[in-house]
Novice: 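Here it is: the structure, laid out below.
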There are 2 protein chains.
Amino acid sequence: MTNKTSPTIYDVARLAGVSIATVSRVLNDPHKVNEETRGVVLSAINRLGFVPKAEARARAMRSTGRIGVLTPFFTAPSFVQRLRGAAEALSRHNYELVIYTVNSSALLNTYLETLPIAHSLDGLIILSLQFSDSNAERLANQGLETVLVEYPHASLNSIEIDDIAGGRLAAEYLIQKGYTSFGFIGDTTIPEFGIHPITLRLSGFRHGLNAAGFDLSDENTLLVPYDMETTRQNGRAYLKRPGRPTAVFAATDLQATALLRAARDIGLKVPQELAILGFDDLDLADYVGLSTISQHLDESGRVAAELLLARLADPKRPVQHIQLPLTVITRETA
Amino acid sequence: MTNKTSPTIYDVARLAGVSIATVSRVLNDPHKVNEETRGVVLSAINRLGFVPKAEARARAMRSTGRIGVLTPFFTAPSFVQRLRGAAEALSRHNYELVIYTVNSSALLNTYLETLPIAHSLDGLIILSLQFSDSNAERLANQGLETVLVEYPHASLNSIEIDDIAGGRLAAEYLIQKGYTSFGFIGDTTIPEFGIHPITLRLSGFRHGLNAAGFDLSDENTLLVPYDMETTRQNGRAYLKRPGRPTAVFAATDLQATALLRAARDIGLKVPQELAILGFDDLDLADYVGLSTISQHLDESGRVAAELLLARLADPKRPVQHIQLPLTVITRETA
DNA sequence: TTGAAAGCGCTAACAG
DNA sequence: CTGTTAGCGCTTTCAA
């Protein structure tokens, strides 16, 4: 970070041919300065467009609050949609939104230690970042209002969804649509600790199926790395097997879309020959006509921001864990 | 009321038994401090409830370390990708990214008037916002470093593309692929003043066609409101006409995707029976396998941030207008 | 009435 | 990895 040359009190002093003390005085105690001198100084001030910075800043610091959002490097569409919701709410309340991207969970730790103090934030929204109890502890003690989105923690406010129920919902929807043979597709990355939403969705899906007398075979459960191309390739093989399912629930819209393309690759008609139901309701889902389970991403950001603002206004409010509903959005693939 | 002066970095240092420099470090470069020492300092900070004074900090740094990004309400994927590029570059240089969403051009004015002083920013990046000469004037005089993305202005730094060349490139690509009958699809909204990229792309496309002895008929030029559903519906009608083109250039990926769906709706094989070439290279394009012309959106944000930082480092650098290249990305639709 | 100079709280070389 | 030290832009003594 480097200097930017905007005029200082020294520049004014030099131009006016007086000392900085005099300039300071005409700014703060004008009557203590000889009228003539004052005139000279004032015109120098005008000529340079000088603004005493400290004052401006002090004023600014008071007027606008700042809310920080901690997000994983926001390449993923879901973060964007959450951010969008938060940005909207915050700007409506005249708060500034400062974004911090956290690239590794090692960094997360040091961030949490100093960020709030060092950067004077009023509140913090943490998106889709999971952390240890000790970290949560620290945050809670720090006295900085915080709202967690996606990965809840008992001692902090959070916005969450019920992934198990989501899986069950998928099963119920597909069953009620008349399908009888089911599959699941999700990604492989298992986190070192904590919750894994994908696993939860799978488990809910399986239970929902079982509850209705159906089941999900291992062969029909495809776990592949979370990227379009890999999923698509594996998806083709998956769909070419004789025992392939006729309805599959994909744990995320991205993988659902990859599967949709795999189906098209091998000439399978969707949804006539293969039904696909996603999860998330990314903008993408609408763009490709994907039926999916909406977890109201934009809403999650909005609600997080509003909860934060509410707590800022009334710090005595108890910690809240808000659970967002899950909704099936029927489009063209299931 | 008796106010006990709030703790300073000196108090913390004394309590922790270290120098003020070390305290400063744990605040700004935590990883440069021995973990144990850091712990001691942090607990001293906590015990005292120390909060660094933003004013002093900014003064010592001669910079606030904050870059503002002005963007239209960032629902559009293209803003997101630009933002992503900027965020990445800025965070690499340890700058904070503050987002301001501007919903109306009336707001833009007031923002430009008060933003720099009121919010103490070092620099400003303005995304896809077009403004009058007087506004540009104000900005230039304000002494706040600014970089414009998409809509250039002579007196300010900018990152831009050549939309006309983009249109021409589309024509050349399609011609070279062997197509002989062409169409164009774009949106209808014409801005009150200034440039309209879509119109430019159309004009470049037409000229490129003409140069090779082809032409673009009015019936094959479809202009519809920029939204998925409307474009798709009109697209179906457009594609059902007997004189329909076999290769169409869509001015944006979103409309290209809508047309792709329209083609599927009526059973047209892409690209065998209909080729579609988009423009933008949104993430979406990759997701749906859309061939398109990349305008390197992420890169635009990155370059904007870097240009800004460079000017901050050396204010004497002349104003620059950086033109980003355009690249055809061949995927599956053309 | 004015200027010199000593801070304010903090960061950033530079040594060690 | 840590401490010393020289500023940053500005206000405020203290003499002159």
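Proteins get letters first, then strands, A, B, ... in listed order; numbering begins at 1 in each.
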Novice: Using a cutoff of under 3.5 Å, can you pull out all pairs of nitrogen or oxygen atoms linking the protein to nucleotides 13-16 of chain C, with atom names and distances?
Specialist:
unit_1	atom_1	unit_2	atom_2	d
dA13(C)	N6	R25(B)	NH2	3.4

Novice: What residues, two or more places apart in sequence or in another chain, satisfy side-chain contact (heavy atoms from CB on, under 4.5 Å) together with S78(B)?
Specialist: A76(B), L282(B), L297(B)
Novice: Between S24(B) and dC10(C), is there a side-chain N or O to OP1/OP2 distance below 4.0 Å?
Specialist: no
Novice: With sequence neighbours left out, write down each residue that passes side-chain hydrogen bond (donor to acceptor under 3.5 Å, both in side chains) with R25(B), or none if nothing qualifies.
Specialist: none
Novice: With a cut-off of less than 4.0 Å, is there a side-chain N or O of R59(B) near OP1 or OP2 of dC10(C)?
Specialist: no
Novice: Kindly state which residues belonging to residues 40-52 of chain B come within less than 4.0 angstrom of DNA chain D, counting heavy atoms of the residue only, listed by number.
Specialist: none
Novice: Just the rounded figure in Å: distance from P of dT11(C) to NZ of K32(B).
Specialist: 14 Å
Novice: Using heavy atoms and a sub-4.0 Å distance, could you list which residues of residues 10-19 of chain A are near DNA chain C? By number, please.
Specialist: V18(A), S19(A)
Novice: Would R84(B) and E88(B) pass as an ion pair if we require N to O under 4.0 Å?
Specialist: no
Novice: Considering heavy-atom distances to DNA chain C, does A56(B) or V33(A) have its closest nucleotide positioned more toward the 5' end?
Specialist: V33(A)
Novice: If an axis is fit to five pairs at each end of the helix from dT1(C)-dA16(D) to dG16(C)-dC1(D), what is the angle between the two, to the nearest 10°?
Specialist: 30°
Novice: In chain order, what residues pass the side-chain hydrogen bond (donor to acceptor under 3.5 Å, both in side chains) check against D281(B), with sequence neighbours excluded?
Specialist: R331(B)
Novice: What pair of heavy atoms forms the shortest contact from S300(B) to V149(B), and how long is it?
Specialist: OG-CG1, 4.1 Å
Novice: To the nearest Å, how far apart are R57(B) CZ and dG9(C) C1'?
Specialist: 12 Å
Novice: Name all residues meeting the side-chain hydrogen bond (donor to acceptor under 3.5 Å, both in side chains) criterion together with Y100(A); count only those two or more places apart in sequence or in a different chain, and write none if there are none.
Specialist: E96(B)
Novice: If I take atom CG in residue N28(A) and atom P in nucleotide dT12(D), what distance separates them, rounded to the nearest angstrom?
Specialist: 6 Å
Novice: State whether the side chain of Q130(B) and the backbone N or O of I195(B) hold a donor-acceptor pair below 3.5 Å, judged by distance alone.
Specialist: yes
Novice: Among pairs that include at least one residue of residues 26-41 of chain A, which meet salt bridge (charged side-chain N to carboxylate O under 4.0 Å, His left out), considering only residues two or more places apart or in two chains?
Specialist: none
Novice: Out of dT1(C), dC10(C), dC10(D), which nucleotide sits closest to the side chain of N34(A)?
Specialist: dT1(C)
Novice: What is the distance from CZ of R38(A) to P of dT1(C), rounded to the nearest Å?
Specialist: 10 Å
Novice: Donor-acceptor check, side chain of T71(A) to backbone of V69(A), threshold 3.5 angstrom: yes or no?
Specialist: no
Novice: For a 4.5 angstrom cut-off between non-hydrogen side-chain atoms, does D187(A) reach H196(A)?
Specialist: yes
Novice: Give a yes or no answer on whether the side chain of T327(B) reaches the backbone of P325(B) with a donor-acceptor pair at less than 3.5 Å.
Specialist: no
Novice: Can you tell me how far C1' of dT11(D) sits from CD1 of I9(A), to the nearest Å?
Specialist: 8 Å
Novice: Could you check whether L27(B) gets within reach of a base, just the sugar-phosphate, or nothing at all, counting any heavy atom under 4.0 Å?
Specialist: nothing
Novice: Can you tell me which residue pairs pass the salt bridge (charged side-chain N to carboxylate O under 4.0 Å, His left out) test with a partner in residues 142-152 of chain A, sequence neighbours excluded?
Specialist: R82(A)-E150(A), E145(A)-R311(A)
Novice: Please name all residues satisfying side-chain hydrogen bond (donor to acceptor under 3.5 Å, both in side chains) with D133(B), sequence neighbours left out, ordered by chain then number.
Specialist: H153(B)
Novice: In whole Å, what is the span from the CD1 atom of I20(B) to the C1' atom of dG7(C)?
Specialist: 13 Å
Novice: Round to the nearest Å and state the distance from E35(B) atom CD to dC1(D) atom C1'.
Specialist: 14 Å
Novice: Can you tell me if the side-chain N/O atoms of T37(A) get under 4.0 Å from OP1 or OP2 in dT2(C)?
Specialist: yes
Novice: Kindly write out the residues that satisfy side-chain contact (heavy atoms from CB on, under 4.5 Å) with A44(B), not counting sequence neighbours, or none if the list is empty.
Specialist: V12(B), L15(B), A16(B)
